[in-house]
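Below you'll find the structure, written out as structure tokens, and then a few comments.
In what follows, every heavy atom counts, from backbone to side chain, and hydrogens, waters and symmetry copies are set aside. A, B, ... follow the sequence lines: proteins, then strands. Residue 1 opens every chain.
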Number of protein chains: 2
Amino acid sequence: MNIRTLCLAILHESDATGYEIKKLSVEGKYRYFAEASFGSIYPTLARLEQEGLVTLREETQPGKPSRKIYSITDAGRRALVEALSEPPTPDVFRSGFLLVALCAELLDRATIAAAVEGRITHLREEIGHLEELLRSTNDPTTHWAAAYGIACMTKSHEYLADHRHEIEALARDDGVVETSPPAATFRVAAT
Amino acid sequence: MNIRTLCLAILHESDATGYEIKKLSVEGKYRYFAEASFGSIYPTLARLEQEGLVTLREETQPGKPSRKIYSITDAGRRALVEALSEPPTPDVFRSGFLLVALCAELLDRATIAAAVEGRITHLREEIGHLEELLRSTNDPTTHWAAAYGIACMTKSHEYLADHRHEIEALARDDGVVETSPPAATFRVAAT
DNA sequence: TAGGCCATGTAACCGGTTACATGATTAG
DNA sequence: CTAATCATGTAACCGGTTACATGGCCTA
């Protein structure tokens, strides 16, 4: 998914500034399509305007930088439909965590546990966001997409919680020494 | 995940040529980390060799182009561990399908149904590949990763199959005209 | 008063893809 | 006889990120 289509899709839902589009594509409900930065959004918006796919009105607000509010045009809506009509590129899943898991024998248990922990936290946050989205929207398509995401991520979270001990047990085992309590036992008795 | 780490991870498992690495990263079990092309793999391998992280032996086989078989070195293994030890970048999920779903009101039912169909087929294939991988490997980390993938994708598949009618029902409804047969009925009678 | 938020934009850079170049072998 | 597979590599290109430039307002 390129920035172009992303911008059109967002503007199809409602008018927005470049700044708002960036927020939506990083934190908002459009973050599953392409992660855009200012350096890509602003030039894209400018090109879209040249091509007549969007229009803009400038709003000068006293004491604040003026904002350019973009709106999609009919031509833009047509271009969006065209882009969405060709078979979507297969969904992409790229996991840094999974590579850590695959190389578990190379790493110590703490590193793996940290990676698992990070992934679990991330999933929990993501599910939280989607549940919030579900509560706050009336749009049926958003509702459907959010529910789908929640179902998948909940399963992922559940599986990880249930099976994390297995992958953690496969760590490079040179930390075994730590399982047998050191002199501490005696020290406790001594204090 | 960059091509560099990907190459090291693959070579950590076994020696390979650039050609083989490409296959593994596109079709094989390493396809969830980075999709690499020849244009990125060959230069990466050359650089890795210069840096002493891998070594290569050349094998001239009669009637076939000679192959350069790469092996990871101790330094390479250390570099890999280092790369894997820093907290993994959060998993990325990018869905062309989900954007189609979000924009369902813009599209006709057939387009959405095709997108759903494509996604279901893709999930089924993916699950099939992972099940095959599960059967054919003894490596416990591969086993764990494959089982995790199967669990997530099965849930995704199941949810889609159960709820596809909902999103398909949200399509732009101007295709209804097509349900009433056109003049063709008369033409058939005339012939 | 430091840092974060709003708001827009440019320029350098970079990781990666696409297309090209080459060529023998084998399967359909 | 064509297409795919094996096998390596280069050069042009491109989409996108990072860093830079600017600046006022608001909150901790």
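We find that CZ of B:Arg67 is positioned 4 Å from P of D:dA7, with the value rounded to whole Å. Residue A:Asn2 contributes atom CG, which lies 16 Å from atom C1' of C:dG16 at whole-angstrom precision. If you take CD1 of B:Ile69 and P of D:dC6, they are 15 Å apart, rounded to a whole angstrom. In this structure, the CD atom of B:Glu20 is 7 Å from the P atom of D:dA7, given to the nearest Å. Following rounding to the nearest Å, A:Glu59 (CD) and C:dT8 (P) show an atom-to-atom distance of 11 Å. The CG atom of B:Leu45 sits 14 Å away from the P atom of D:dA7 (whole-angstrom rounding). One atom, CD1 of A:Ile21, and another, C1' of C:dA7, lie 13 Å apart when rounded to the nearest Å.
One finds a side-chain N or O of B:Ser40 lying less than 4.0 angstrom from the OP1 or OP2 phosphate oxygen of C:dT17. The phosphate of D:dA7 has neither OP1 nor OP2 within less than 4.0 Å of any side-chain N or O from B:Lys23.
Ionic pairing of A:Arg31 and A:Glu126 is present here: one or more N-O contacts between side-chain nitrogen and carboxylate oxygen are shorter than 4.0 angstrom. In summary, B:Glu59 and B:Lys68 do not engage in a salt bridge, as defined by a charged side-chain N under 4.0 Å from a carboxylate O. A salt bridge links B:Arg164 with B:Glu117: at least one charged nitrogen is closer than 4.0 Å to a carboxylate oxygen. Between B:Lys23 and B:Glu20, none of the side-chain N atoms (NZ, or NE/NH1/NH2) sits under 4.0 Å from a carboxylate O, so this pair counts as no salt bridge.
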Contacts under 3.5 Å, N or O only, protein and nucleotides 19-26 of chain D:
none

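Between A:Tyr148 and B:Phe97, the ring planes are perpendicular. Angles over 60° get that label, and only those under 30° would be called parallel.
Under the side chain to side chain contact (heavy atoms under 4.5 Å, CB included) rule, A:Glu49 has a single partner from A:Thr55, A:Thr44, A:Val54, which is A:Val54.
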